[in-house]
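What follows is one structure encoded as structure tokens, with my remarks underneath.
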Amino acid sequence: MKPKIVIGNWKMNKSFDEAEDLICQIEDKLDEYNLETEVVLCPPMIYAELVTDHANDENSHFYAGMQNVSEFENGAYTGEVSAKMLADMDVAFCIVGHSERRKYFGETNAIVLNKMLRLLENDIVPVMCCGESLEERKSENHFNVVQKQIEESIYNLTPEQMERTMIAYEPIWAIGTGETATPAQAEEMLAFIRSLIEKKFGTEMAVNTYILYGGSCNAKNALELFSQQNVDGGLIGGASLKPDDFVKIIEAGETVLHEN
């Protein structure tokens with residue numbers, strides 16, 4: 001079994017001092033472990049230098065990530081930040097296509113693909129989010145929705161690009177609601193996503209691709225979720241802002257790895 005990956009998505013939270021304090025608390029707690037689980041912290045973009053300074057320390061236990069990137073390489077795009085700029089800041093991972101970006105900022109599958117390509121051109125790992133709404137789940141259209149998201153983004157990558165890409169399944173109805181997909185629901189969808197990867201890129205790629213679960217994953221349910229065969233880790237929202245809870249989620253990844 002490959003090590004789990006736990007990514008903390010802070011969203012638009014924390015002042016500078018609060019962000020630094022949270023990073024330091026997480027670091028102090030992780031000092032107690034000899035971790036195999038990989039950890040990524042994705043604070044607001046304005047804290048890029050703060051998180052990369054800590055991540056680049058030789059004793060660091062985490063990688064630096066960001067929550068968004070421009071689909072454009074450079075130019076007159078006021079307020080945007082390019083993948084090259086993130087690479088220059090030593091950012092290693094970047095979330096793309098999160099449901100909140102799709103919902104509030106109109107990001108399409110085509111835009112998500114462009115962002116992934118810009119990141120890959122700059123050696124940053126894209127973490128491509130996919131997932132269905134509650135209405136789509138209730139109408140039993142959830143597989144079709146996720147398949148379209150995968151086909152219109154992931155399927156446009158080369159095998160070499162796919163090797164450096166991660167996927168995070170986040171049922172929209174479970175983000176910030178306290179609702180969580182059952183372990184069986186999460187496993188069913190992640191197995192389906194892996195089958196889509198296998199169909200396009202082959203069995204070896206499907207096995208090696210990291211597919212994460214997100215959507216109200218927390219300290220209480222992480223162990224059961226991470227124990228599912230196809231769940232390679234978690235994209236963590238609210239719980240990543242609480243150092244004790246976040247570390248417990250990381251502990252769950254370690255427990256599953258060493259029990260198998």
Side-chain angles (χ1 to χ4, degrees), residues 1-7 9 38 40 69 71 93-103 107-121 124-175 180-215 217 225-236 256:
M1 174 180 286
K2 55 183 183 281
K4 303 296 185 184
I5 292 181
V6 176
I7 301 177
N9 176 15
E38 295 191 355
V40 183
V69 68
E71 65 173 309
F93 293 78
C94 187
I95 301 166
V96 292
H98 192 281
S99 63
E100 292 159 0
R101 298 294 312 176
R102 294 176 188 263
K103 177 180 178 180
E107 292 193 3
T108 63
N109 293 331
I111 291 174
V112 171
L113 172 61
N114 287 337
K115 291 186 175 191
M116 293 172 66
L117 294 174
R118 300 294 83 75
L119 292 168
L120 289 162
E121 289 165 1
I124 298 173
V125 175
V127 182
M128 198 284 287
C129 299
C130 58
E132 79 284 357
S133 68
L134 182 59
E135 181 181 352
E136 289 162 341
R137 165 69 66 163
K138 286 183 174 180
S139 64
E140 299 186 355
N141 196 37
H142 47 297
F143 290 119
N144 292 331
V145 170
V146 170
Q147 181 169 348
K148 183 177 181 182
Q149 291 171 337
I150 296 292
E151 289 179 345
E152 294 186 359
S153 55
I154 294 290
Y155 273 24
N156 288 281
L157 302 180
T158 66
E160 293 74 21
Q161 291 169 329
M162 186 63 218
E163 287 179 352
R164 298 180 286 132
T165 297
M166 295 183 185
I167 299 171
Y169 167 62
E170 290 198 308
I172 298 170
W173 47 271
I175 299 175
T180 310
T182 66
Q185 287 173 322
E187 172 64 17
E188 179 183 45
M189 182 59 83
L190 268 66
F192 174 69
I193 292 171
R194 206 174 296 281
S195 74
L196 294 176
I197 302 304
E198 181 175 25
K199 178 181 177 182
K200 175 67 175 179
F201 296 100
T203 301
E204 183 176 358
M205 185 78 77
V207 170
N208 292 331
T209 296
Y210 270 87
I211 307 177
L212 315 181
Y213 172 77
C217 180
L225 285 166
F226 290 179
S227 296
Q228 303 304 305
Q229 180 179 349
N230 283 286
V231 179
D232 295 325
L235 178 57
I236 314 302
V256 172

Subject >> Any pair counted as salt bridge (charged side-chain N to carboxylate O under 4.0 Å, His left out), so long as it reaches residues 182-192, sequence neighbours left out >> reply: none
Original post:
Which heavy atom of T165 sits nearest a heavy atom of Q161, and at what distance?
Top reply: OG1-O, 2.9 Å
Original post:
Does K2 use its side chain to pair, donor to acceptor, with the backbone of V207 at less than 3.5 Å?
Top reply: yes
Original post:
Do you know which two heavy atoms are closest between A181 and P171, and how far apart they sit?
Top reply: CB-CG, 4.2 Å
Original post:
Short question: side chain of R102, backbone of C129 - any donor-acceptor pair under 3.5 Å?
Top reply: yes
Original post:
So do N208 and M162 actually touch side chain to side chain, heavy atoms under 4.5 Å?
Top reply: no
Original post:
When rounded to the nearest 0.5 angstrom, what is the spacing between OH in Y169 and CD in Q149?
Top reply: 9.5 Å
Check: residues 195-202 side-chain donor-acceptor pairs under 3.5 Å, at least two apart:
from: S195; atom 1: OG; to: F192; atom 2: O; distance (Å): 2.5
from: E198; atom 1: OE2; to: T203; atom 2: OG1; distance (Å): 2.6

Subject >> Test side chain to side chain contact (heavy atoms under 4.5 Å, CB included) applied to N156 - qualifying residues, sequence neighbours left out >> reply: L113
Original post:
Any side-chain heavy-atom pair from V69 and V96 closer than 4.5 angstrom?
Top reply: yes
Subject >> I211 vs R194 side-chain heavy atoms within contact, under 4.5 Å >> reply: yes
Subject >> Pairing residues for K148 by the side chain to side chain contact (heavy atoms under 4.5 Å, CB included) criterion, not counting sequence neighbours >> reply: N109, E152
Original post:
For F226, which of D232, V6, L212 qualifies under side chain to side chain contact (heavy atoms under 4.5 Å, CB included)?
Top reply: V6
**OP:** For residues L225 and C217, report the shortest heavy-atom separation together with the two atoms involved.
**Re:** CD1-SG, 3.9 Å
**OP:** Drop me the distance from C94's SG to L119's CG, to the nearest 0.5 angstrom.
**Re:** 5.0 Å
Original post:
What is the minimum heavy-atom distance between N114 and E71, and which atoms define it?
Top reply: ND2-OE1, 3.0 Å
Original post:
Given R118 and E121, is the salt bridge (Lys or Arg N to Asp or Glu O under 4.0 Å) satisfied, shown in steps?
Top reply: CA-CA 5 Å; R118 300 294 83 75; E121 289 165 1; 2.8 Å; yes
Subject >> Interatomic distance, N9 atom CG to L235 atom CG [nearest 0.5 angstrom] >> reply: 5.5 Å
**OP:** Could you list the residues that satisfy side chain to side chain contact (heavy atoms under 4.5 Å, CB included) with E151, not counting sequence neighbours?
**Re:** Q147, Y155
Subject >> Those residues that, when tested against S139, pass side chain to side chain contact (heavy atoms under 4.5 Å, CB included) (two or more places apart) >> reply: N141
Original post:
Which distance, rounded to the nearest 0.5 Å, do you find between the CD of E132 and the CH2 of W173?
Top reply: 6.5 Å
**OP:** Measure the spacing between CE of M166 and CD1 of I7 and express it to the nearest 0.5 Å.
**Re:** 6.0 Å
Original post:
Can you find a pair of side-chain heavy atoms, one from V256 and one from M1, that are under 4.5 Å apart?
Top reply: yes
**OP:** Please round to the nearest 0.5 Å and tell me the distance separating atom CG of L120 and atom OG1 of T158.
**Re:** 8.0 Å
**OP:** May I ask you to check whether over 12 heavy atoms, not counting those of K103, lie within 6.0 Å of atom NZ?
**Re:** no
Original post:
G131 and V145: which non-hydrogen atoms are nearest, and at how many Å?
Top reply: O-CG1, 4.0 Å
Original post:
Do P126 and K115 have side-chain heavy atoms sitting under 4.5 Å apart?
Top reply: no
**OP:** Considering non-hydrogen atoms only, spot the tightest contact between P183 and Q228 and give its length.
**Re:** CB-NE2, 3.4 Å
